[in-house]
Amino acid sequence: MSRIQSSDRSARTRHDLFRLAFWTTGWVLTMAVATFGPEFMWSGNTILTVVGIALNLAVGVGMIVANMRHVQELDEMMQRVQLEAMGIALGVGIVGGLSYSLLDVTNLIGSDAEIAHLVILISIAYVTTLVVAMRRYR
């Protein structure tokens, strides 16, 4: 690949990464509004709560599309690293999440299974796999 093509690809990758950061930030903000709005902003108004959740869902779809575009712009090695990290995170999420749910359903844990714990587990699996894979492919 020539230097000009590499520079152009690098600029597109940076632009896609910025777009992904924008959508991810928007999703986190709309998640906060949908979560805390009913209690602190609009006193449980059902219509506003549904609108907040729908907005969060729409922005989440935008974040997914931005992530897909970002991955498509990466070179083959980085795509492979991302695919591996996403695959392991998915597997950990499904296996770990269902096991966690079973612990709750069978009352082997003293508290209710919370989705936040699953999100943390998936995030840790994803980031750990990214770090390991990047070291392996150096």
Side-chain angles (χ1 to χ4, degrees):
M1 188 176 342
S2 75
R3 176 176 244 146
I4 293 172
Q5 288 174 328
S6 176
S7 174
D8 185 46
R9 182 182 196 115
S10 178
R12 284 194 319 258
T13 300
R14 277 193 304 276
H15 177 74
D16 288 334
L17 190 57
F18 175 78
R19 181 184 297 141
L20 177 58
F22 172 81
W23 281 100
T24 302
T25 301
W27 179 75
V28 169
L29 291 174
T30 60
M31 177 64 78
V33 169
T35 301
F36 300 114
E39 184 176 351
F40 298 112
M41 295 168 70
W42 53 79
S43 302
N45 182 313
T46 304
I47 293 172
L48 290 176
T49 300
V50 168
V51 168
I53 293 169
L55 180 63
N56 177 255
L57 180 63
V59 174
V61 169
M63 180 182 69
I64 291 168
V65 171
N67 191 43
M68 289 170 42
R69 287 183 180 163
H70 171 66
V71 170
Q72 288 170 348
E73 283 298 319
L74 296 174
D75 63 30
E76 289 179 24
M77 184 194 78
M78 288 305 296
Q79 285 180 350
R80 183 176 179 147
V81 167
Q82 287 289 330
L83 179 63
E84 184 176 336
M86 289 176 187
I88 289 175
L90 174 65
V92 166
I94 291 172
V95 172
L98 290 175
S99 295
Y100 185 44
S101 177
L102 283 173
L103 289 172
D104 180 23
V105 169
T106 58
N107 293 318
L108 292 175
I109 55 175
S111 60
D112 291 333
E114 297 289 333
I115 192 68
H117 299 150
L118 183 58
V119 171
I120 291 167
L121 177 67
I122 292 169
S123 299
I124 290 169
Y126 175 74
V127 170
T128 301
T129 304
L130 276 179
V131 170
V132 170
M134 289 299 293
R135 286 186 179 170
R136 188 175 5 143
Y137 288 118
R138 274 191 177 171

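Values below: every heavy atom of this structure, side chains too, minus hydrogens, waters and symmetry copies.
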Q. Would you call Arg12 and His15 a side-chain contact if the rule is heavy atoms closer than 4.5 Å?
A. no
Q. Would Leu55 and Val50 show up in the same hydrophobic cluster when neighbours are defined by side-chain heavy atoms closer than 4.5 Å?
A. no
Q.
Surrounding CZ of Arg135 (heavy atoms of other residues, nucleotides or ligands, distance under 6.0 Å), is the total greater than 12?
A. no
Q) Looking at Ala89 and Ala125, what are the two nearest heavy atoms and their distance? A) CA-CB, 4.2 Å
Q: For the residue pair Val92 and Tyr126, establish whether any side-chain heavy-atom pair is separated by less than 4.5 Å.
A: no
Q. Does Phe22 CZ have over 12 foreign heavy atoms under 6.0 Å away?
A. no
Q: For Leu48 and Met41, run side-chain contact (heavy atoms from CB on, under 4.5 Å): C-alpha distance rounded to whole Å, both residues' side-chain angles, the deciding distance at 0.1 Å, then the answer.
A: CA-CA 10 Å; Leu48 290 176; Met41 295 168 70; over 6 Å; no
Q) Atom CE in Met63, atom OG1 in Thr30: separation rounded to 0.5 Å? A) 9.0 Å
Q) How far apart are the C-alpha atoms of Ile122 and Val119, what are their side-chain angles, what is the distance that settles it, and do they pass the side-chain contact (heavy atoms from CB on, under 4.5 Å) test? A) CA-CA 5 Å; Ile122 292 169; Val119 171; 5.8 Å; no
(Q) How long is the straight-line distance from OG1 of Thr129 back to CE of Met134, given to the nearest 0.5 Å? (A) 13.0 Å
Q: Spell out, yes or no, whether Ile88 and Leu121 are grouped together once hydrophobic residues are joined by side-chain heavy atoms under 4.5 Å, including indirect joins.
A: yes
(Q) For residues Leu102 and Val95: do they belong to one hydrophobic cluster (side chain heavy atoms under 4.5 Å, members Ile, Leu, Val, Met, Phe, Trp, Tyr)? (A) no
Q. Mind checking whether Leu108 and Tyr100 sit in one hydrophobic cluster, side chains of I, L, V, M, F, W, Y counted as touching below 4.5 Å?
A. yes
Q. With the threshold set at 4.0 Å, does a side-chain nitrogen-carboxylate oxygen contact exist between Glu73 and Arg19?
A. no
**Q.** Main-chain N/O of Leu74 paired to Gln79 side chain as donor or acceptor, under 3.5 Å
**A.** yes
Q: Can you measure from CD1 (Ile94) to OG (Ser99) and round to the nearest 0.5 angstrom?
A: 11.5 Å
Q) What is the distance from atom CH2 of Trp23 to atom CG of Asn67, rounded to the nearest 0.5 Å? A) 13.0 Å
Q | Inter-residue atom distance Ile64.CD1 - Thr24.OG1, 0.5 Å rounding | A | 10.0 Å
Q: Determine whether Met78 and His70 make a side-chain contact, defined as any pair of heavy atoms from C-beta on separated by less than 4.5 Å.
A: no
Q: Specify the closest pair of heavy atoms between Ile124 and Thr128, including all atoms of both residues, with the distance to one decimal.
A: O-OG1, 2.7 Å
Q.
So, using side-chain hydrogen bond (donor to acceptor under 3.5 Å, both in side chains) as the criterion, who are the partners of Thr49 when residues are at least two apart?
A. Trp42
Q | ILVMFWY cluster, Val33 and Trp27 together (side-chain gap under 4.5 Å) | A | no
Q. Given side chains that start at C-beta, do those of Met31 and Phe36 come closer than 4.5 Å, heavy atoms only?
A. no
Q. Considering only heavy atoms from C-beta outward, does the side chain of Asn56 approach that of Val59 to under 4.5 Å?
A. no
Q: Look up atom CG in Leu103 and atom CG in Asp112, then write down how far apart they are to the nearest 0.5 Å.
A: 12.5 Å
